[in-house]
Amino acid sequence: MHEIHELINHWYHANARTLPWREPGASGWAVMVSEFMLQQTPVVRVLPVWEQWMQRWPRPQDLAAEPVSEAIRAWGRLGYPRRAMRLHAAAVEITTEHNGMVPRTEEQLRALPGVGDYTAAAIACFAFDKPTVVVDTNIRRVQARLFGGAALPEPSPRASEFARARQVQPEDHEAAVTWNISVMELGALVCTARSPKCSQCPVFAHCAWVAAGQPAPHYTPKGQAWHGTDRQVRGAIMAVLRAGEQAVDPAVFLADLAMQQDPVFTPLQKLDAPLQQRQRALSGLLADGLAASGDEGIVLPS
DNA sequence: AATTCGTGGGA
DNA sequence: TTCCCAAGAAT
């Protein structure tokens with residue numbers, strides 16, 4: 001095990017990507033913002049948005065001083081805009097409850113909106129050098145192969161995976177901190193979900209999956225439906241709200257009106273969704289706080 | 001515990 | 001073109 005630790009940590013030092021939130025001077029807030037944006041979103045798409053975000057709101061209190069609508073707009077097309085809402089709420093909480101300082105312990109981080117087990121462990125480790133047990137989709141996949149001999153991890157995270165992750169963690173504090181990011185990076189760059197680059201793997205000779213002859217997955221991942229879903233409609237509505245400067249008449253969202261020539265409405269015009277679904281999607285957004293009812297129509301929440 | 005929640009690039 | 005899926009969280 002000790003040899004595997006050294007091989008992967010050494011591989012990381014030689015092959016890690018240069019990312020702004022990994023720079024030595026990166027603040028806890030910088031890491032936290034990156035972790036929110038990286039939840040289910042690839043690095044390459046996060047990079048430009050993160051840069052703008054940090055430029056505009058270099059501290060939690062800078063974001064907290066603005067309405068949620070600004071956070072949702074600045075989130076752009078990263079997807080899952082509720083993350084922008086939660087990041088803003090977390091910034092407010094940090095400002096009011098933590099004196100503007102991003103908490104350093106997993107427990108305090110975990111209590112913030114939008115921070116689950118993974119994100120709490122990740123921030124504590126990457127920003128504050130705590131030897132936490134970080135378990136993300138990359139780490140789950142690497143460990144499923146390397147130690148479990150399986151092609152893929154279980155469809156959803158299990159307690160046994162967390163237990164194994166803790167079990168294989170280096171004892172040394174500094175080695176453990178590096179291990180978290182190293183295994184994650186290995187999963188992102190080499191031990192990928194589709195067509196892993198085993199020829200480049202530093203622990204090829206130790207891999208249980210390779211030793212087993214690289215068996216196929218014992219299940220087939222179920223795809224994520226998109227066309228015709230409420231999410232698609234919600235996305236179109238949010239795109240209109242983000243792009244527009246003023247309130248939008250609810251009727252515009254709910255009916256196939258001959259909408260203005262304004263290109264702002266093209267996401268809706270390209271939509272082929274029945275009235276009932278539009279209604280449901282809009283209601284959902286209002287209920288989630290991603291949209292609000294203003295005097296003159298639907299607006300981003302203030 | 002199973003679902004829901006955006007988006008877009010690559011295979 | 002269609003399908004996969006990417007540093008998850010909340011319910």
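Labels below follow one simple rule: chain letters A, B, ... track the order of the sequence lines, proteins then strands, and each chain is numbered from 1.
- Nearest to the side chain of R194(A), among dG8(C), dC4(C), dA6(C), sits dC4(C).
- Note on L19(A): a base of the nucleic acid sits closer than 4.0 angstrom, heavy atoms only.
- If you check every strand for non-hydrogen atoms under 4.0 Å, T119(A) touches sugar and phosphate atoms only.
- Backbone-only contact: P113(A) has heavy atoms under 4.0 Å from sugar-phosphate atoms and none from a base.
- With rounding to whole Å, K197(A) atom NZ is found 11 Å from dG10(B) atom C1'.
- The interatomic distance linking Y219(A) (OH) with dC4(C) (C1') rounds to 13 Å, in whole Å.
- When rounded to the nearest whole Å, the span between CZ of R140(A) and P of dG8(C) equals 10 Å.
- Across dG6(B) and dC4(C), the matching C1' atoms stand 15 Å from one another, rounded to whole Å.
- Remark: the Q39(A) side chain and the Y118(A) side chain contain no N/O donor-acceptor pair separated by less than 3.5 Å.
- Within 6.0 Å of atom CD in E23(A), more than 12 heavy atoms from other residues, nucleotides or ligands are found, so the atom counts as buried in its surroundings.
- Heavy-atom neighbours of R56(A) CZ from other residues, nucleotides or ligands within 6.0 Å: above the threshold of 12.
- At a threshold of 4.0 angstrom between heavy atoms, the contacts of R22(A) include nucleobase atoms, whether or not backbone atoms are also involved.
- With both ends at atom C1', the span from dG8(C) to dG10(B) equals 22 Å, rounded to whole Å.
- Across all strands, V46(A) comes closer than 4.0 Å to no nucleic acid atom at all (heavy-atom distances).
- The existence of a salt bridge linking R22(A) and E185(A) is confirmed by a sub-4.0 Å separation between a basic side-chain nitrogen and an acidic carboxylate oxygen.
- Within 6.0 Å of CG on D249(A) lie more than 12 heavy atoms contributed by other residues, nucleotides or ligands.
- R86(A) has its CZ atom 10 Å from the C1' atom of dT11(C), to the nearest Å.
- Among the atoms of the strands shown, base atoms are found under 4.0 Å from some heavy atom of W21(A).
- dC5(C) sits 15 Å from dC5(B) when the C1' atoms are compared, rounded to a whole Å.
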Could you encode protein contacts along nucleotides 2-8 of chain B as a string, one character per nucleotide from 5' to 3', using B for base contact, S for sugar-phosphate-only contact and - for no contact, with a heavy-atom cut-off of under 4.0 Å? -S-BBBS
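- Counting heavy-atom neighbours within 6.0 Å of E154(A) CD, excluding the residue itself, gives a total above 12.
- Atom P of nucleotide dA6(C) and atom CE of M184(A) are separated by 13 Å, given to the nearest angstrom.
- The same atom, C1', is picked in dA10(C) and in dG8(B); the two are 24 Å apart, to the nearest Å.
- Nucleotides dA1(B) and dA9(C) are separated by 15 Å at their C1' atoms, to the nearest Å.
- When atom types are taken as modelled, the side chain of W179(A) and the backbone of V183(A) share no donor-acceptor pair closer than 3.5 angstrom.
- Note on A193(A): only backbone sugar-phosphate atoms sit closer than 4.0 angstrom, heavy atoms only; bases stay farther off.
- Side-chain atoms of W57(A) and E70(A) include no donor-acceptor pair closer than 3.5 Å.
- Rounded to whole Å, atom P of dA9(C) lies 7 Å from atom CZ of R110(A).
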